[in-house]
Every structure is written in C-alpha cells, then in structure tokens.
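Report on one structure; see the data block that follows.
Remember, it's a predicted structure, so these values are computed and weren't measured experimentally. Indexing begins at 1, ligand by ligand and atom by atom, following the structure's order.
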Amino acid sequence: MTRIVYVNGRYLPYGQAAVHVEDRGFQFADSVYEVCEVKNGALIDEERHATRLQRSLKELGIPSPATSWTIGHIMRQCIVRNRVRNGVVYLQVTRGEAPRDFAFPSGDVAPTFVCLARSTNQSKTEALAAAGIAVKTLPELRWGRCDIKTVMLLPACLAKEAARAAGAREAWFVDAEGFVTEGASSNAWIVDAEGKLITRTLGRELLPGVTRATLLDLIGRDHLAVEERAFTVAEAHGAREAFTTSASATVMPVVKIDDMLIGDGKPGAFTMRLRSSFHQVAKVSGR
Ligand code: PDD
C-alpha cells in the first residue's frame, strides 16, 4: 500500500496526490521515469538509476527537477514514509504543465516531479522465479529511441496484454530482421549450448538496463563467457537457458518462449546461480 506520495515539493496522502490536467506527461507522454529496487529498506544501484534519469532528461531537454542528491533524499523519504522494506521506488519527471501545444512551452516551465514507493510481494516474486516465466515474441512496434526511459509505454502495455492473453508473463519484441530487441519491461538474455551468455548490444533500440549493467559486473567478476550481440528468435527457441533482467524482478528465469520449452522447461541452474549472486555485486545505498 502506498500511503504518501511526493508531488512537486510536497508529501501528500495517496488519495490527494495529483498533477494538472494539462500536464505534458498526461497529454503527450512528454515524460521520463525510473523504477529502482528497494531491498531491506535500502535503494539498489541508486547511482546508475540517477545517471540514467539525468541522461533521459538531457536527451529530451527536460530540466532536472533537483540534484541527484535531493532526488535520492526524496526517494528515501518515500521509502520511510511508506514503510517499504522490499519493493520499488517509482519516480517520474514531466516537462510540466502548459496549455496544449505540441511544441515545447516557451519560458520557464517547472518540470513535474512525482515519487512513490511501494512494497512488493517477495514470496510471490520468489514463487515466480522458482517456476520460471513464459515469454511471447511479438513484432517490434515502438519508436526509434527506446534507449530513453520515457512513459510512452502504450506499445509495451499492448504487448504485455497480448502476452497475458497467450498465457505468458512477458513479451519480447522482435525487430524487422528477426532479432530480439528486449522485453516489454525487461532486457532479454539467453544461454547458448556452450554455456555462453548472450544479450543484445546497447543501442537506440533498447533500454540500457541498470540490472543488465550490474549483471555484466557479476559476469566480469566471475570471468563468465558473455557475448553482447543480437540473437534471433530461432536461437532463443533453441537456447539452453533464458532469462530477463529488470529492477523489479532482478534475474527472472524464462522457461518457455512461444510454444517452445527452454531446456527441460524448468529454470536453468546457471540462471538461478546468477539470480542468487546478483546482490553480491549490486550497490546498496545507505538509508
Ligand atoms: N522496466 N527494458 C525496458 C523496456 C524496461 O521497461 C525495463 C525496466 C528494462 C530493464 O531495466 P532495469 O534493469 O533498469 O530495470 C529494460 C521497469 C522495471 C518498469 O518499467 O517497471
């Protein structure tokens, strides 16, 4: 339950927290966001999330609503005020409110800044990881700057809904050449027959996931074989193991892609090892 939400300088009861009807985030999805994991009351990989937020803002020419230090302070306040021990912090920055016009508003418009923290059901996530998830592949239908974490998430919602209707939990987008770009809300990984990890190289067609970056640190630490390159749907169907990465679920095993079971249809041992080691390398911020 979220009780208190930060909106533009004030901590408000959930039911009273609101933004203006002519907020550009509402009208144009002119807005960016971050989702950061909370574990034992502390933020995980705060610096990487802060850096990506500033990059997203810069790419769109939205002024930062505060310094990274202040944003960190607000995130921690939301965690404490909502008594979150394990969960996520969601923060969103829009270009602000102005009479509806496609071009940016002239003059000084203050960005809208919203932050909320929420507990997640750990046992449900663990049960999901123990069973593994199914994935449905779908044609890529998003825009050309998926490297910016914008709230322009309608294609992701449509894809997730199509996945859900097919009994899957995540959708993997596939580009025009038949290569997987990423999940609707996660990065995509496979393990090939030789045990090599494969995930797509960063570019404008996918989000530079914080969990992806931290997992690469773990892979480097343990000298594991990894190749950053695009992989096809056929390679994914024939993979020994597969998984997704995201702040809200860290390393999540994939046991089925479309109609194909991955490995023996159970979470891979390698994937589960990565999952259990992840927090050895992820940075924990002080409370
Ligand atoms: N989703 N790709 C997309 C399209 C995403 O939306 C996300 C995150 C990721 C993984 O990024 P990270 O490891 O930094 O969480 C990749 C978040 C969790 C969400 O929208 O809820």
Side-chain angles (χ1 to χ4, degrees), residues 2 25 29 31-39 43-56 59 75 86-93 114-121 125 128-129 133 135-164 169-175 179-190 199-219 228 230 242-252 254 274-275 278-279 281-283 285:
T2 299
S31 177
V32 301
Y33 76 108
E34 280 296 326
V35 177
C36 191
E37 184 194 1
V38 179
K39 191 172 166 66
L43 288 163
I44 302 299
D45 283 331
E46 178 185 359
E47 196 178 324
R48 278 190 164 138
H49 284 284
T51 303
R52 186 173 63 187
L53 176 70
Q54 293 304 325
R55 177 183 182 271
S56 296
E59 289 297 313
M75 289 200 284
N86 295 300
V88 291
V89 170
Y90 173 85
L91 61 88
Q92 186 180 340
V93 182
V114 172
C115 183
L116 63 83
R118 177 164 291 157
S119 299
T120 49
N121 186 335
T125 312
L128 213 55
I133 62 163
V135 159
K136 180 177 168 59
T137 61
L138 289 164
E140 180 66 84
L141 74 167
R142 302 173 301 166
W143 72 325
R145 291 303 307 271
C146 293
D147 58 316
I148 308 172
K149 198 164 173 62
T150 76
V151 301
M152 213 162 57
L153 293 169
L154 187 54
C157 294
L158 294 172
K160 287 262 194 189
E161 186 55 27
R164 198 186 60 86
R169 200 171 171 92
E170 177 62 305
W172 280 7
F173 289 120
V174 180
D175 68 17
F179 294 98
V180 173
T181 48
E182 63 176 332
S185 65
S186 59
N187 289 114
W189 297 70
I190 57 170
T199 196
R200 189 165 176 134
T201 330
L202 295 182
R204 290 187 166 196
E205 61 289 353
L206 73 162
L207 189 78
V210 165
T211 319
R212 177 190 182 281
T214 299
L215 190 65
L216 284 170
D217 287 348
L218 172 67
I219 289 163
E228 287 184 66
F243 60 90
T244 65
T245 51
S246 70
S248 46
T250 64
V251 176
M252 179 58 70
V254 171
L274 295 173
R275 178 175 174 82
F278 179 79
H279 288 104
V281 293
K283 296 263 184 314
S285 297

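Within ligand 1, the atoms closer than 4.0 Å to a non-hydrogen atom of Tyr33 are 6 (O), 19 (C), 20 (O), numbered from 1 in the order shown. Of all the atoms in ligand 1, the ones that sit under 4.0 Å from a non-hydrogen atom of Thr245 are 10 (C). Against a heavy-atom cut-off of under 4.0 Å, Asn187 is close to the following atoms of ligand 1: 10 (C), 16 (C). Applying the 4.0 Å criterion to heavy atoms of Arg52 picks out, from ligand 1, the atoms 11 (O), 12 (P), 14 (O). Annotation for ligand 1: atoms under 4.0 Å from non-hydrogen atoms of Glu182 are 2 (N), 3 (C), 4 (C), 16 (C). The atoms of ligand 1 that sit less than 4.0 Å from any heavy atom of Gly183 are 4 (C). The distance from ligand 1 to the heavy atoms of Ala247 drops below 4.0 Å at these ligand atoms: 12 (P), 13 (O), 15 (O). Atoms of ligand 1 found under 4.0 Å from any heavy atom of Ser248 (numbered from 1 in listed order, with element): 18 (C).
Side-chain polar atoms of Thr245 and Arg212 form no donor-acceptor pair below 3.5 angstrom. Between the side chains of Gln92 and Ser31, a donor-acceptor pair is found at a separation under 3.5 Å.
Other residues, nucleotides and ligands place no more than 12 heavy atoms under 6.0 Å from the CD atom of Glu47.
Residues Glu37 and Thr211 have side chains not in contact (no heavy-atom distance under 4.5 Å, counting atoms from C-beta outward). For the pair Leu215 and Phe243, the minimum side-chain heavy-atom distance is below 4.5 Å.
Every heavy atom of Arg48 sits 4.0 Å or more from the atoms of ligand 1. Assignment of Ala184 to the shell around ligand 1 is supported, since a heavy atom sits closer than 4.0 Å.
Scanning the protein heavy atoms around atom 8 (C) of ligand 1, the nearest turns out to be Lys149 NZ, 3.3 Å. Counting only heavy atoms of the protein, atom 13 (O) of ligand 1 lies nearest to Thr211 OG1, 2.6 Å. Gly209 CA, 3.5 Å is the protein heavy atom nearest to atom 11 (O) of ligand 1.
Checking each of Lys39, Lys283, His49 against Ile44 for a side chain to side chain contact (heavy atoms under 4.5 Å, CB included) leaves exactly one that passes, namely Lys39.
In terms of polar-atom proximity, defined here as any N/O pair under 3.5 Å, Ser246 makes no such contact with ligand 1.
If you check each of Ala159, Ala213, Ser186, Ala188 against atom 9 (C) of ligand 1, the one with the closest non-hydrogen atom is Ser186. Residue Val35 holds the heavy atom nearest to atom 19 (C) of ligand 1 of all those in Val35, Val88, Asp147. Across Pro155, Ser185, Ala249, Pro208, heavy-atom proximity to atom 5 (C) of ligand 1 is greatest for Ser185.
The CG atom of Leu43 sits 15.0 Å away from the CZ atom of Arg48 when rounded to the nearest 0.5 Å.
Taking a cutoff of 4.0 Å between a charged side-chain nitrogen and a carboxylate oxygen, Glu182 and Arg200 do not qualify as a salt bridge.
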| said: Quick one, Glu170 with Thr244, criterion side chain to side chain donor-acceptor pair (under 3.5 Å). Give me CA distance, side-chain angles, the key distance, then yes/no. | reply: CA-CA 9 Å; Glu170 177 62 305; Thr244 65; 5.7 Å; no

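Across Glu59 and Ile148, no two heavy atoms sit closer than the pair CB-CD1, 3.7 Å. What you find for Ala162 and Leu138 is that their closest heavy atoms are CB-CD1, 4.2 Å.
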